[in-house]
Number of protein chains: 2
Amino acid sequence: MVIARVLPFELGKAVIMNKSDAEDLGLMEGDRIRICRGKMFCTAELQTTIGFVKKGEVAFPTHLADVISIKDGDEVEISPIPKPESVSFIKKKMDGEKLSKDEISSVISDITNQSLSSIELTAFVLSNLIRGMDLDEIEWMTKAMIDTGERITFERGTVVGKHSIGGVPGNKTALILVPIIAASGLLIPKTASRAITSATGTADTFEVLANVNLSVDEIKEITERVGGVIAWGGATQLAPADDHIIRVEYPLSIDPKPQLLASVMAKKGSVGAKHVVIDIPVGEGSKVPDVDIGRELANNFVELGRRLGLNVFCALSSGGQPVGRAIGPALEAKEALKTLEERKGSSSLIEKSLGLAGILLEMAGRSSNGYEDAKRIFTSGKALEKMKEIIEAQGGEIFSSKDVLVGDKTYTLKSKKEGAVEAVFNKTLVKIARAAGAPKDKGAGVYIHKKRGEVVKEGDAIITIYAEKEWKLDNAIDIALQEPAVEITGMILEKFPSVRYFEV
Amino acid sequence: MVIARVLPFELGKAVIMNKSDAEDLGLMEGDRIRICRGKMFCTAELQTTIGFVKKGEVAFPTHLADVISIKDGDEVEISPIPKPESVSFIKKKMDGEKLSKDEISSVISDITNQSLSSIELTAFVLSNLIRGMDLDEIEWMTKAMIDTGERITFERGTVVGKHSIGGVPGNKTALILVPIIAASGLLIPKTASRAITSATGTADTFEVLANVNLSVDEIKEITERVGGVIAWGGATQLAPADDHIIRVEYPLSIDPKPQLLASVMAKKGSVGAKHVVIDIPVGEGSKVPDVDIGRELANNFVELGRRLGLNVFCALSSGGQPVGRAIGPALEAKEALKTLEERKGSSSLIEKSLGLAGILLEMAGRSSNGYEDAKRIFTSGKALEKMKEIIEAQGGEIFSSKDVLVGDKTYTLKSKKEGAVEAVFNKTLVKIARAAGAPKDKGAGVYIHKKRGEVVKEGDAIITIYAEKEWKLDNAIDIALQEPAVEITGMILEKFPSVRYFEV
């Protein structure tokens, strides 16, 4: 329940004029205008109205009026300003032409300055999706994204990075890998994202344990002191163009390959990483449906790294079902911390984390058998100690998995029959976790008791839903009952249609 | 000079919430939401803000609050609503797939209802531009555009139509053709457009003489009574989807072929035209750069007409320089009326008008030599009489070219040398006319004294600029001095670089 207030509101960089005045100036809705008051000026986007704003007037949002100290009643002058030149480069890409380095720089710079309208930005992202970019263009775009943001230069040490292109739920690998790598003496200033369409992002998950809204200076200081951080990339000004591009990718649920490549590599380039391992989950329900597409993407990453002076290694990983068993911020933070504490746990989580950490150790020349060395750091307890140091350095106060609170409203779905798990549906699990409140309600999510290949007896728990609010739990249960998250096949082959496994 | 008022303003269908509240509901900027007050509800697009709207509140624009009678302080409930299904069809087109009839209907219907965000609408238009549509899809889109608007059914008579795809300045052909056709006994309910990027549209030009903001009922009544009208299509609800699509085409200066074809044919189909002639100007500086592209477009129009039950004939016309000599609303209305009065004038205007009118007379079976019969109506004075009837029926009061007022601020550019006109630059002429105030200042525009092939002596007038306001005239002169609108070649071959022909 919210209270309605019929109020003035702020809206980006738009001002409103009467349509007739706009026409007098040869202006149309969406045009860029310059507003001058004496010698001060600002730019804005034009909205037009027929009745609301009187002729001879122009309506400003407060924050824009403040820019040039306009007060109600002041006289201002409005004049059209031409479209940014970059719009013509966007049109070139629309027509399928290759852009030059300068043209791409101009587009990225205007995206960063917010000089493009959402129509123009959409046109750029969509043209990249459909027309594609070659590696030259992607290289230039990556460099432009780095150049238009802040950078971190470390005084000492070897900087490495790890990134997962995402798409597989439960992927809390970074929370195991970062402390292992930091404990090895390498520097790993990990910038992570928040969930957009998933149940949690690494930044959301680690936020359960510590503060992730770190400035560039804090990232530098903590990394130099304890070896690693896990920070939210969006809080920094590292390659900020990406944050604007996401705004149009999200409503269309698209992630054009040129943008994916440039966005990952720009963030790594901005922190001066020398060695980067990239996890590409492959499988049904993940971003990369088959191995061939995964290999092509991997080649692109490696080549792009070569051009940017980054040593890149890609690992295609199993993405057909969740990593570990927990999905949702607190559930995942708890599972990761528990795994570090007990030095055992879900093999999909441990093997993946050690495998990727091992690759980084070998890339950086710290080990000839990276997996074994990573395992040694993990089983010795050094990884757990490092994790506690990182949490403390980032202002966290939770150092034990027992102290991680998860939602106290729970519901467990049980199997009505015997069999084995034939399939686990990533997208359904995410849907249930989000309906339960993830990622905003940190304690919300799903715990999966039976994964692919595991034997199920009648009455066995299949999944447990966690929520902080009763009504969200109910919504999540509704989805879980309508859409099975797990497919169980009995001894008798009855794969089609899939069986409803739960007791209502 | 306009007065700034820092005021609440109206903005489409958007409401504003605190970002934190939005996140609690799992909502992001741009998401669609439903707002309920008791049993009443409305839908809106979400904007988020960090500081402006307090937590627990939501800011409404007045007109949206009125929809469900919300008063300041009322309690309302906000819930997310899913994206329209049509967004998934837009994604299909993005991927290059063919859409089905139902899918296209769904997209067009959501465009008409304004259910799509500008990002989604841009994605649709851009996908059509890059991926294209086959004729099945264009046929379905045209039908959907007709079905989502009003239609006119005439009780008696044969309805015909004329359309120019545009791109050539000075094209006041409709003002000669419509009275000829109406005088022949056929019905021609011409819906015309206003200028978007040009110096004047047919609707802007005819508005100098009469009211063009006619309702569907008025178009029907006047056409049945006097045989023809020239009305602004945008004032009607004939195929209104088009008006929304133009909103994203304009800022990107694009006109995807599927949209061009569907938009023209939907307007003609909505008024029940049986025979339609389509003028395709070809030449440098027009929309269609060469004859091959023109022929392909013509074939598409004819085939689309066949599928829709419209008899279509296309004429490729000379588009490399203006039609007639006047550019701008009043200048063009004056030239057209004078041509009807004197039964002579610019041959490019007369020949084109008689040629197109003749085609229509033959298509409708009214003539075996259409050109000659059109000429007879023109030279007999019947066309002028009919023009006066149409002006009167549309509430106009100007019946003589002498009474058409043009801008009293003028400037004539004269040649500094002898030679012949080698080229006339359409785009520059339009730029000058718009700078002078066209189309908003009806009296503004350009008159071109010397066209291609014409001999020029030193001191001869080349163009005259007309304006209503001194400062606009100055702007237009600046452009004309910087960028020649006409290229003159002397007896000595000195085509490169082109010569500045004017006296400053």
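Here is the naming used below: chain letters follow the sequence lines, and residue numbers restart at 1 for every chain.
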Residue part contacting chain B, namely of [X], when any heavy atom lies under 4.5 Å:
| X | result |
| --- | --- |
| I119(A) | both |
| R37(A) | neither |
| S117(A) | neither |

Please classify the contact of [X] with chain A as side chain, backbone, both or neither, using a heavy-atom distance under 4.5 Å.
| X | answer |
| --- | --- |
| K55(B) | neither |
| S253(B) | both |
| S88(B) | neither |

Does [atom1] belonging to [X] count more than 12 external heavy atoms closer than 6.0 Å?
| X | atom1 | answer |
| --- | --- | --- |
| E85(A) | CD | no |
| F41(A) | CZ | no |
| K257(A) | NZ | yes |

**Item:** Residues from residues 430-439 of chain B approaching chain A under 4.5 Å (heavy atoms)
**Value:** R434(B)

**Asked** In terms of heavy-atom pairs under 4.5 Å with chain B, which of V125(A), L126(A), D441(A) leads?
**Response** L126(A)

Supply the atom-to-atom distance [X] [atom1] to [Y] [atom2], rounded to the nearest 0.5 angstrom.
| X | Y | atom1 | atom2 | value |
| --- | --- | --- | --- | --- |
| I90(A) | L252(B) | CD1 | CG | 8.0 Å |
| T122(A) | E120(B) | OG1 | CD | 9.5 Å |
| I130(A) | D95(B) | CD1 | CG | 8.0 Å |

**Item:** Donor-acceptor contact present, side-chain K83(B) to main-chain P251(A), <3.5 Å
**Value:** yes

